Amino acid sequence: MKVINLVINGKSTTSIVGDRMTLADYLRDEQGLTGTRLGCEQGVCGACTVIVRKRPVRACLYLAVQADGQEIETIEGLAPNATELSPIQDAFRQGHAVQCGFCTSGMLLTAKALLDENPNPDEDTIRDWMHGNICRCVGYQQIIEAVQLAAEQNATETP
Amino acid sequence: MTSERDRRFVGQKRTTFESARHVRGRGKFVADIQLPGMLHVVMVRSPHAHALITSVDTSEALAMPGVHAVITGADVRARTEPIFTLAALHDPPLDIPLPALAHDKARYKGEAVAAVAATSRALAEDAAERVRVQYEPLPPITNATQAMAEGAPLVHDGSPGNVIMHRKYDFGDVEGCFERAETIVRRKLSWPRQTGAPLDTFGCVAQWEPGTDEITFWSNHQSNVLLWTLGATLGVPSHRVRGISCDIGGAFGGKFWQPRGMVVCALLSRDTGRPVRFVEDRVEHLESGDNHGEDRTYDAELALDKDGKMLALRFDIVEDYGSAFVLGSINNSEPLAQAVGPYGIEAVGVDFTAVLSTKPPQAAFRGFGGASLNFLLERMTDAAARELGLTAEEIRRRNLLRPEQFPYTTPTGNLYDSGDYPQALDRALELADVDGWRHYQKDARREGRAIGIGLATCQERSVQSGSALWLMFDQNHGRVTTAAETATCRVDGHGKVTVALHSPSLGTPIETVAATVVGEELGVNPGDVSVRHLDTAVAGPAMGPVASRMTVMLSGAVSGAIHEIREMMRPIAANMLEAAPDDLVWNKDELGYFVKGAPDAHASMAEIAHVAYSSAYLLPDGTRSGLESTYTFDHPMATLPNGSDWGIFAPIIGHAVHIPVVEVDLETGGVTFLDYAVVHDCGTVMNPDAVRGQLIGGICQGIGTALTEELHYQDDGSVIGRDFRSYLIPTFLDMPNIRIEHLETPSPFTYNGVKGVGEGGRMVAPAAVVSAVEDALSTFGCAIDEVPMTPEKILGWIDGKNRR
Amino acid sequence: MKLSPFTYCRPDSVAEAIELLAGDPASYPLAGGQSLMPAIALKERRADLLVDISRLDDLRGISFSGTSVTIGAAEPMWDLERSELIRTHLPLLTRALSTVAAAGIRSRATLGGSAGWADRTSQLPATLVALDATIVSSTRRIKAHEFFVGHGQTALNHDELVLRFEIPSASLGHHDLQVVRRTYITWPVAGAAAVGTDAGTIRVALFGAAPAPILIVTSDPADAAEQASDRAAPFDDEHATSTYRQRVIPVLARRAVANVLRVET
Ligand SMILES: Cc1cc2nc3c(=O)[nH]c(=O)nc-3n(C[C@H](O)[C@H](O)[C@H](O)COP(=O)(O)OP(=O)(O)OC[C@H]3O[C@@H](n4cnc5c(N)ncnc54)[C@H](O)[C@@H]3O)c2cc1C
């Protein structure tokens, strides 16, 4: 058991966690942030992606104790408030980049990290950046279009 | 039904309801269910593919911290009745049990033999390792040839020779056609196991209520039909078994019938007095889950006349069902709805053998056997084209059914509702620019590059009647033909509309479909409709989102319910307006009833609803308070078998032409896509984005089927493909962009002419991609008769394997 | 699929880390965890003690001495990919890194972890061999081609840590990387990393060809193919058979050398 301090979606928390607890299980079971999905628990599918220091990270391969002292952003922190969505979330809806919704949290966070680093990615860049996230329903094309749509929206919003 | 001109919402772009919660991470999947005191189940699984279980010692595990209970196969056997499978519909019932936990022997690697319930999954996993099971290994059986070999060990004693059943059918004059034929082509094809591999694995939570002896399941089951049978297994009356559906993170058929985890959780909940959850991990799902797709070989012959007209197709199928016969032979009967594809083939002969092996039991997988049958038919068509020196499009042109032939009855008795296949083909050739690619191919060939242009013209049968469940069983009882869908619509006291679905959501946006239909029929903005899911304890007949049926069936149910509500409102409005009910017309713009010829005499839906809910004294005689309708929509067309054929069992027929263009690296066997064009017909398009999503997603799975996905069994009965390092799902970098055009030939039998669309992409893509690779390798003369086309197999074909 | 129990600790110094490792035979350094965690979850590896070295300053940093680039073992691939120093002086490494897994894995995975894991199909050990890297451990300096001894096997002792890599600048030499894979998220089947040297030869290191990288020094594509064919000791795994590997490895070696030559001329 270890004591950890984390900032999750802007809020500081202190918890006691078991050594073997992954960040994903911690977020889901201890923090009730179930939007972080577990699809394979072996790092392949990317459904559990969260953002740590601007980087998309597999929460299933990251121990909660390892994350001690870090700022974590999860899907629950993406929307500015209860009524509005962030541009990338809105673009996923408008572009029908969501079907069953299971890969969606990880896709959104990976896409957000991409757009934060590269506000205007081309298709190849998006494919390359996102390819560690598996979607089994909608087949990627709409997700690429949604990322591009969000990039356009970002561009028009920030003059 | 609204005419195309008057449609308000059907066919319009509409952002899905479901996505609103998912982009916030607020979908509720089964793994998100948290109940006070909930325990977590981990299965103890057999490391052997085939082994007698000689002893199970749970004492050490029971003493571990956090462990509340451990049960074994023997406990399950003593405390439950057998799980219902379709083997029971056979006459006489087949003795092929599906034990929730194996008790006498393990019949595949990963079969559960005991289960531990503990306060966390991690503790349960620790304890599961301490359950001591002793096995006496037996020889594994990993394919049908081994299964049927002389002296093979038996998987189940009740199936001698490991053969479950053997059937032979001639639909039409097969012999006569073959006698008349000028050309006969023959191929042997194989299609190994694959699986849907949704990101959300199967899971359930069970809670047994001690006082009432009632059991509640939360699960990601895609159909609630199963729940009707679980009561009998658990000794609980069916109306005390309750199912609450969670969001489903993809299913692809594999969550249609998942009774075993539910039985285990139910018993453990009863033992511990707590809610109990089981969620498969990725390895459990791939290696030992009840979700694998078909696993078969075909030996086929196609008879053609001198003009290249196909006369008859006959084929032997040997299907390896694994260790049980859960869904019977449905994945072989159902595809025969479209055995002749889009072609005017006169007769079909089928010789079907079902065998057992030491692999997990099969379940449904997107297409229910249709993807492999389309593969067979298209491979035979291409083989015939080659033999006759025709192009891929020319042989098809000579055989495609013509628009004036609909409705068309196929040799197996199924009806094709509508279509325009020649137009689809022409448009696809144009969209793909096949001529342009053929030039490119020629030039590239001079540089030593191998470009291939594929073509598949396939059917996408949808909306099964249910009879495929037993069509091969030759019996006279339990003939299921309903496969109905139910919806409840309610207008509340403020005139707001809620739809309650009787089936769960898995991403095919059925909530959005329901709201769209409400909008269309009532005039309300679909965005203003609230959609819920009913608990099965109060739900009506509903088969759920399987077999590409949901849009057709649900729109039938919702529109039926809305029409009933409109009729309920009519006398109330008539009373309010002091007019004759028949003089009232519903106005979708103003949302209310108007008196014909008196536009000022108007009662709005909100006003009518107010009366219906709060002012009974204003209700006319013979009406009651409330505005609610539960409407069950039955299959629009089903008929029974009639001796010579099987009758109508999946008559809503989509169609597609896929033209992929690939490049094959002749030195490494790698395949890359240069283009992928599709012309698709699913009748009236209800929601363009959703249809596109189903198509592209299905094609992505079909490309996986064609190139990378396989559950590859080793001699010792273990499988390559047990996790995501080896079960190879296409990624962003593996998928081409798909260019799609729609052709709409509305079905005459459905709401606004819609047809099913869920399985289509995967039913066509494998055949199309294989034909593209074969075309790329045409200078090597090989015939490609199997999937997946691994780089190694491709090099083999280049070397001259399977040369024709 | 949860992790089996272990104790986690995060020492403050290399010395402390080494002491912890020495005290427990079932202990492992933990860097990015992108190989170790899945292995523990899949019960392919048991660990009693994980020693987190990812925050040790001695294992961080990227610098250039004028002739070689020094890379801290625990520096995440994410930072290496974005390093201008590495892009300028070791463009082959930048390219190889960009083909490893995906952004969400490279954000934590480290070069030291890749070396420590020494997977026979990984492009990074081969790239280190092609670049003639020197591995500086807590006790010695060792050349990459001597460091990798087999599949999952290195010259490291149990209580020895990789601290950093020293890689001679290869900015003048052209490079190429060939990778064959089944899908993009899985590990490669096989490949070749090639770089031109000052001596006018090309160093090609093959992966997926044998339990450890194979180094070929040549200046002729055909010779590269022939040597590759002779020296390959291929194996079966879940992605391909040894027969397939034997067949494509010479092709990849030839292509890599030919591409380096093509760019050079
Ligand atoms: C889905 C997926 C796909 C992947 N695809 C690829 C791929 O295509 N190619 C590829 O090369 N890799 C791939 N990887 C692996 C990834 O690159 C690994 O994470 C990396 O090889 C190991 O780095 P790490 O920092 O995560 O090491 P860890 O997992 O932390 O450690 C790996 C091993 O090295 C040891 N170790 C770590 N640091 C040191 C040190 N400084 N000194 C001594 N020993 C040490 C550890 O004890 C452990 O045994 C993939 C991983 C995943 C999850």
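Remember, it's a predicted structure, so these values are computed and weren't measured experimentally. In what follows, chains carry the letters A, B, and so on, assigned in the order in which the sequence lines appear, proteins first and then strands, with residues in each chain numbered from 1.
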Item checked: Pi-cation contact, B:Phe365 with B:Arg762 (under 6.0 Å, within 45°) -> yes
Non-hydrogen atoms of chain A under 4.5 Å away: do they reach the side chain of [X], the backbone, both or neither?
X	answer
B:Arg692	both
B:Arg26	backbone
B:Gln34	side chain
B:Ile699	neither
B:Arg725	both
B:Tyr727	side chain
B:Leu733	both
B:Asp32	both

Heavy-atom contact with chain B under 4.5 Å, split by part of [X]:
X	answer
A:Gln94	both
A:Leu108	side chain
A:Gln42	side chain
A:Met107	side chain
A:Ala82	backbone
A:Leu38	backbone
A:Asp128	both

Check: Can you tell me if CD on B:Gln12 sees more than 12 non-hydrogen neighbours from other groups inside 6.0 Å?
Finding: yes
Checklist line | Reported CD-to-CD1 distance for the pair B:Gln222 and B:Ile248, which is rounded to 0.5 angstrom | finding: 6.5 Å
Next item on the list: Report the distance from atom OG1 of A:Thr74 to atom CD1 of A:Ile8, rounding to the nearest 0.5 Å.
Entry: 7.5 Å
Margin query: Could you walk me through whether B:His533 and B:Glu511 satisfy the side-chain hydrogen bond (donor to acceptor under 3.5 Å, both in side chains) test, starting with their C-alpha distance in whole Å, then the side-chain angles of each, then the deciding distance to 0.1 Å, before giving a yes or no?
Written below: CA-CA 9 Å; B:His533 294 265; B:Glu511 296 169 24; 2.8 Å; yes
Heavy-atom pairs under 4.5 Å with chain A, option from [options] with the top count:
options	answer
B:Leu506, B:Ile738, B:Thr201	B:Ile738
B:Pro730, B:Gly698, B:Ala251	B:Pro730
B:Asp247, B:Asp734, B:Ile729, B:Ile703	B:Ile729
B:Cys700, B:Gly249, B:Pro198	B:Gly249
B:Pro736, B:Ser120, B:Pro509, B:Ala197	B:Ala197
B:Gly507, B:Gly250, B:Gly761, B:Gly704	B:Gly507

Salt bridge or not between [X] and [Y]? Use side-chain N to carboxylate O under 4.0 Å.
X	Y	answer
B:Glu709	A:Arg136	yes
B:Lys13	B:Asp689	yes
B:Asp281	B:Arg121	yes

Check: Which pair of non-hydrogen atoms, one from A:Met1 and one from A:Asp19, has the smallest distance, and what is that distance?
Finding: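 Heavy atoms only, the tightest pair is N-OD1, 3.3 Å.
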Notebook entry, point to check: How close do B:Pro504 and B:Ser245 get, heavy atom to heavy atom, and via which atoms?
Noted result: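 Between these two residues, the closest heavy atoms are CB-CB, 3.4 Å.
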Note to self: Counting the benzene-type ring for Trp, do B:Phe724 and B:His285 have ring centres under 6.0 Å apart?
What the structure shows: no
Next item on the list: Answer yes if the ring centres of B:His221 and B:Phe202 are under 6.0 angstrom apart, and no otherwise.
Entry: yes
